[in-house]
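Each residue takes its place number in the sequence, starting with 1.
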Amino acid sequence: LVYGGWGISITERTYESTAGQESMLNDTTAIRRRIRREYTTKEFRRSDLALLDLNTGVWNKVVAAKSEEEAPPELASHSAVLLNSQMLVFGGTMQGGNLSDALFSFDLKEFTWRRIRCESSPPAREGHSALAFDEKMFLVGGRTLYSLDMDYVWIFDPQTDVWGRVNYAGGCSPMPQRFKGSANCV
């Protein structure tokens with residue numbers, strides 16, 4: 001199951017050009033016409049859901065039941081993990097470049113979105129890593145609006161809808177990271 005991400009639209013414009021293409025040929029001016037193509041690209045954030053059928057290799061669009069007020073905005077550079085029968089989506093870049101600190105749940109049985117409102121949550125960020133382990137969502141790294149790279153680990157418990165920040169007891173903490181890592185439990 002995949003949610004959102006960067007999209008790119010490409011527009012092609014084809015036109016005929018005669019500029020600078022005149023040449024003399026036996027006292028007659030010949031005009032050569034040239035077909036020109038210009039391409040324009042535009043990046044945008046997406047808000048669609050897609051599910052890959054591993055048996056057929058076919059991607060299918062997933063249509064959520066009406067819950068627009070609870071659905072996430074168009075996002076890119078966010079994280080998503082699967083826990084039991086839900087997909088949790090956190091953070092990311094919204095249209096306009098603002099960062100999100102919101103957490104959303106997509107119920108895979110009911111096909112509905114729910115915004116999870118918590119008293120405290122990790123700061124808004126993009127480019128972070130997340131993983132599901134022991135019935136919880138772990139979040140690490142990312143970049144804040146002011147380009148501050150994060151090295152904190154946060155844990156979300158979906159049983160209580162509570163975030164907690166891991167306090168390091170010493171040793172070495174991970175280097176701050178964004179857009180270049182993944183997270184795994186060993």
Handout entry: Contacts of D48 that satisfy side chain to side chain donor-acceptor pair (under 3.5 Å) - sequence neighbours left out
Key = R46
Closest approach of [X] to [Y] (non-hydrogen atoms, all atoms of both residues):
| X | Y | result |
| --- | --- | --- |
| S105 | I116 | CB-CD1, 3.8 Å |
| V62 | A50 | CG2-C, 4.3 Å |
| V89 | A80 | CG2-CB, 4.1 Å |
| C118 | W163 | SG-CD1, 3.7 Å |
| V81 | A132 | CG1-N, 3.9 Å |
| P158 | K136 | CD-CA, 4.2 Å |

Practice task
Output, in order, the C-alpha distance, side-chain angles, deciding distance and verdict of side-chain contact (heavy atoms from CB on, under 4.5 Å) for F138 and F133.
Solution key: CA-CA 7 Å; F138 289 72; F133 178 74; 3.9 Å; yes
Just how far is it from atom [atom1] of [X] to atom [atom2] of [Y], taken to the nearest 0.5 Å?
| X | Y | atom1 | atom2 | result |
| --- | --- | --- | --- | --- |
| Q159 | E135 | CD | CD | 7.0 Å |
| L108 | L83 | CG | CG | 10.5 Å |
| L131 | L82 | CG | CG | 12.5 Å |
| L99 | T93 | CG | OG1 | 5.0 Å |

Quick one: are [X] and [Y] in side-chain contact, heavy atoms under 4.5 Å?
| X | Y | value |
| --- | --- | --- |
| L75 | S100 | yes |
| V140 | H128 | no |
| L103 | M137 | yes |

Practice task
Measure up the W113 and F104 rings against each other and bin them: parallel (under 30°), tilted (30 to 60°), perpendicular (over 60°).
Solution key: perpendicular
Problem - With D161 via salt bridge (charged side-chain N to carboxylate O under 4.0 Å, His left out) - residues at least two apart - result: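 For D161, the residues satisfying salt bridge (charged side-chain N to carboxylate O under 4.0 Å, His left out) (neighbours in sequence not counted) are R114.
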Handout entry: F111 with L51, same ILVMFWY side-chain cluster at under 4.5 Å
Key =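 Cluster IDs for F111 and L51 match.
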Exercise for the section: Could you tell me which residues satisfy side-chain contact (heavy atoms from CB on, under 4.5 Å) with V58, sequence neighbours excluded, listed by chain and number? Expected result: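 Expected list: T56, N60.
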Practice task
Test F156 against L88 for side-chain contact (heavy atoms from CB on, under 4.5 Å), laying out the working first.
Solution key: CA-CA 10 Å; F156 176 73; L88 297 174; 3.9 Å; yes
Exercise for the section: Ignoring hydrogens and angles, tell me if any N or O in the side chain of R125 forms a donor-acceptor pair with the backbone of G141 under 3.5 Å. Expected result: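 Indeed, once roles are kept as given, a pair shorter than 3.5 Å links the two residues.
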Problem - Backbone of F106 reached by a side-chain donor or acceptor of Q86 within 3.5 Å - result: no
Exercise for the section: Run the numbers on V153 and L139 for side-chain contact (heavy atoms from CB on, under 4.5 Å), then give the verdict. Expected result: CA-CA 6 Å; V153 175; L139 181 73; over 6 Å; no
